[in-house]
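First the structure, in the form of structure tokens, and then the observations on it.
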Protein chains: 2
Amino acid sequence: MKIVELARPVHHAPDNPVLERLRRMGGLSAEDIDAFQRSLYPPRRLAPRATMMAELRFPTVQRALISGWAGRVRILSDGRRQLIELFIPGDIVQVASSTAAASPNDLVVALTEVASCAIEPTIWDEAPFQQLGRRLDWMATALLRNQVMRLGRQSAYERLGHLLLELRERQAAAGGDVRNVIAMPLTQEMLGETLGLTTVHLNRTMQQLRREMMVRSTRLGMELPDPETLARVTDYQPIEG
Amino acid sequence: MKIVELARPVHHAPDNPVLERLRRMGGLSAEDIDAFQRSLYPPRRLAPRATMMAELRFPTVQRALISGWAGRVRILSDGRRQLIELFIPGDIVQVASSTAAASPNDLVVALTEVASCAIEPTIWDEAPFQQLGRRLDWMATALLRNQVMRLGRQSAYERLGHLLLELRERQAAAGGDVRNVIAMPLTQEMLGETLGLTTVHLNRTMQQLRREMMVRSTRLGMELPDPETLARVTDYQPIEG
DNA sequence: CGGCTAATTGATAAATTTCAAGGGCAGTGG
DNA sequence: CCACTGCCCTTGAAATTTATCAATTAGCCG
């Protein structure tokens with residue numbers, strides 16, 4: 001058995017969730033995947049709370065998130081914080097250098113310990129990757145639109161359930177194999193900052209989801225025992241790639 | 001005087017807000033602008049409430065908004081509506097054909113009478129337009145992130161003021177010249193659906209802005225007599241292109 | 001003058017925040 | 001080993017914001 005494992009092509013079981021995600025998206029040959037892998041620079045680690053930035057000589061740069069979670073955060077003048085979007089392993093993050101003309105807000109910060117690789121920008125010029133890039137951008141925008149819908153029109157209960165389902169789908173797309181179990185390294189405070197809720201209210205809402213058996217906390221993550229019902233209740237619809 | 005007017009190059013005073021916006025963004029030659037203009041198909045009109053769709057043979061298509069306002073709308077199963085984003089003259093709208101695999105929600109609908117031109121997609125392959133396209137995409141996401149911040153972290157008062165300032169900046173970028181006066185063809189119900197507020201509450205909030213002399217209604221629009229103060233109060237920061 | 005749609009108002013209910021505090025648990029150093 | 005500290009989760013009570021419900025008014029157009 002071990003021999004069979006080793007005989008597999010490299011791209012078949014990468015421990016890199018970005019590659020796994022591309023593989024599952026389909027439309028790429030094994031050579032394409034390898035080419036993409038070669039366009040990744042060595043990973044760099046970041047401690048929680050550290051800001052993810054582009055090299056100083058670039059205004060904006062893409063990094064492939066290998067492990068850990070990050071988020072784009074905006075801070076208001078009185079200290080209120082909003083996590084605009086969450087990044088999980090497998091995501092490609094557009095980061096700006098803080099010195100660039102970019103606003104000092106909207107920075108990408110590590111929410112846990114993070115490892116990420118810079119991506120050689122020219123990779124996107126090649127034939128199969130140009131379309132791929134568009135598709136990834138489109139999916140990222142779809143997530144932002146989900147976020148707007150949650151914050152604008154849903155109750156706390158719906159918001160949280162909807163977000164958890166979205167994270168489940170995203171994790172599944174990047175190689176998370178255990179169905180209905182998702183990783184959840186965020187504190188309730190971070191979840192609240194994402195969903196536009198106070199920590200207190202997020203806590204009570206989470207308890208309600210647990211009471212109703214829609215969520216079960218496990219070590220290092222949570223289980224969604226009945227995603228179909230939760231999806232119905234929270235109007236969740238899968239993200240179409 | 002009339003003769004001087006006619007002698008001007010065509011691209012200098014187009015009645016097409018999309019061209020005007022590109023011109024003001026800078027970095028494009030007069031020939032580039034003309035090339036872009038040639039990539040526009042004849043405008044098509046749409047009545048309010050009508051859905052803007054791509055041709056059936058395309059999954060997704062871009063249309064340049066010439067006049068009137070549109071919005072991307074999501075409708076929940078119980079009828080709640082969220083206007084995800086607003087489109088004003090000068091914007092380029094990514095529309096999907098409703099029959100495409102795209103979800104039946106997230107359609108682009110005309111909020112007023114609208115005129116828009118399809119864009120020949122190959123225009124974006126050419127040299128100066130590839131970068132331009134990226135920049136336009138980036139600005140569009142910046143608007144979405146603004147929207148997330150408003151809905152997630154701001155009070156009704158802040159949300160409305162912030163949105164009005166954003167619309168002012170966008171209108172100025174597309175040729176609206178009258179400073180501090182913006183067009184506002186939306187009903188209070190539509191504004192509420194954008195800002196995640198009920199019509200009733202939006203109305204009261206608008207009255208408060210008027211009471212405090214932050215907004216003055218004029219025929220077909222509104223005036224923001226003191227945008228600097230309003231920007232400070234609502235944490236508004238200009239969109240960096 | 002109807003007949004529409006949009007704006008406005010008042011009273012009440014519901015969702016969410018705020019404030020203040022307590023409890024669990026892991027790491028750390030005496 | 002135990003006290004100590006920091007971080008996170010949890011709880012209760014009260015205040016605030018926003019939604020809901022139900023009319024009423026204002027404009028506009030044919």
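Letters A, B, ... are given to chains in the order of the sequence lines, protein chains preceding strands, and every chain is numbered from 1. Computed over heavy atoms, backbone and side chain alike; hydrogens, waters and symmetry mates excluded.
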Is any NZ, NE, NH1 or NH2 atom of the basic residue among A:Arg49 and A:Glu113 found under 4.0 Å from an Asp or Glu carboxylate oxygen of the other?
-> no

What's the CE-P distance between B:Met184 and C:dA6, to the nearest Å?
-> 15 Å

Protein-nucleotides 10-17 of chain C N/O pairs under 3.5 Å:
{"from": "C:dG10", "atom 1": "N7", "to": "B:Arg204", "atom 2": "NH1", "distance (Å)": "3.2"}
{"from": "C:dG10", "atom 1": "O6", "to": "B:Arg204", "atom 2": "NH2", "distance (Å)": "3.2"}
{"from": "C:dA11", "atom 1": "N6", "to": "B:Arg204", "atom 2": "NH2", "distance (Å)": "3.1"}
{"from": "C:dT16", "atom 1": "OP1", "to": "A:Ala156", "atom 2": "N", "distance (Å)": "3.3"}
{"from": "C:dT16", "atom 1": "OP2", "to": "A:His201", "atom 2": "NE2", "distance (Å)": "3.4"}
{"from": "C:dT17", "atom 1": "OP1", "to": "A:Gly196", "atom 2": "O", "distance (Å)": "3.4"}
{"from": "C:dT17", "atom 1": "OP2", "to": "A:Thr198", "atom 2": "N", "distance (Å)": "3.2"}
{"from": "C:dT17", "atom 1": "OP2", "to": "A:Thr198", "atom 2": "OG1", "distance (Å)": "3.2"}

Phosphate-side-chain proximity, B:Gln207 and C:dA7, N/O vs OP1/OP2 below 4.0 Å = no

Where along residues 76-88 of chain A does a heavy atom come under 4.0 Å from DNA chain C, residue by residue in number order?
-> none

So the ring-ring contact (aromatic ring centres under 6.0 Å, His included) pairs with at least one residue in residues 182-217 of chain A (sequence neighbours excluded) are none

Set of residues satisfying side chain to side chain donor-acceptor pair (under 3.5 Å) with respect to A:Glu189, sequence neighbours excluded | none

Describe the nucleic acid contact of A:Arg210 in one word from base, sugar-phosphate, nothing, applying a heavy-atom distance below 4.0 Å.
-> sugar-phosphate

Below 4.0 angstrom, N of the basic side chain to O of the carboxylate: do B:Arg80 and A:Glu158 qualify?
-> yes

Is B:Glu166 salt-bridged to B:Arg170, going by a charged N under 4.0 Å from an acidic O?
-> yes

Answer yes or no: are there more than 12 heavy-atom neighbours, outside A:Arg24 itself, under 6.0 Å from its atom CZ?
-> yes

Polar side chain donor-acceptor pair, B:Arg150 to B:Gln147, under 3.5 angstrom | yes

5' to 3' contact window, DNA chain D with chain B (heavy-atom distance under 4.0 Å) = D:dT18 to D:dC21

Sorted by chain and number, sequence neighbours left out, side-chain contact (heavy atoms from CB on, under 4.5 Å) with A:Arg210 holds for A:Met206, A:Gln207, A:Val215, A:Ser217

Please determine if a side-chain N or O atom of B:Asn203 lies less than 4.0 Å away from the OP1 or OP2 oxygen of C:dA7.
-> no

Charged N to carboxylate O below 4.0 Å: is that the case for A:Asp91 and A:Arg21?
-> yes

Below 4.0 angstrom, N of the basic side chain to O of the carboxylate: do B:Arg145 and A:Asp106 qualify?
-> yes

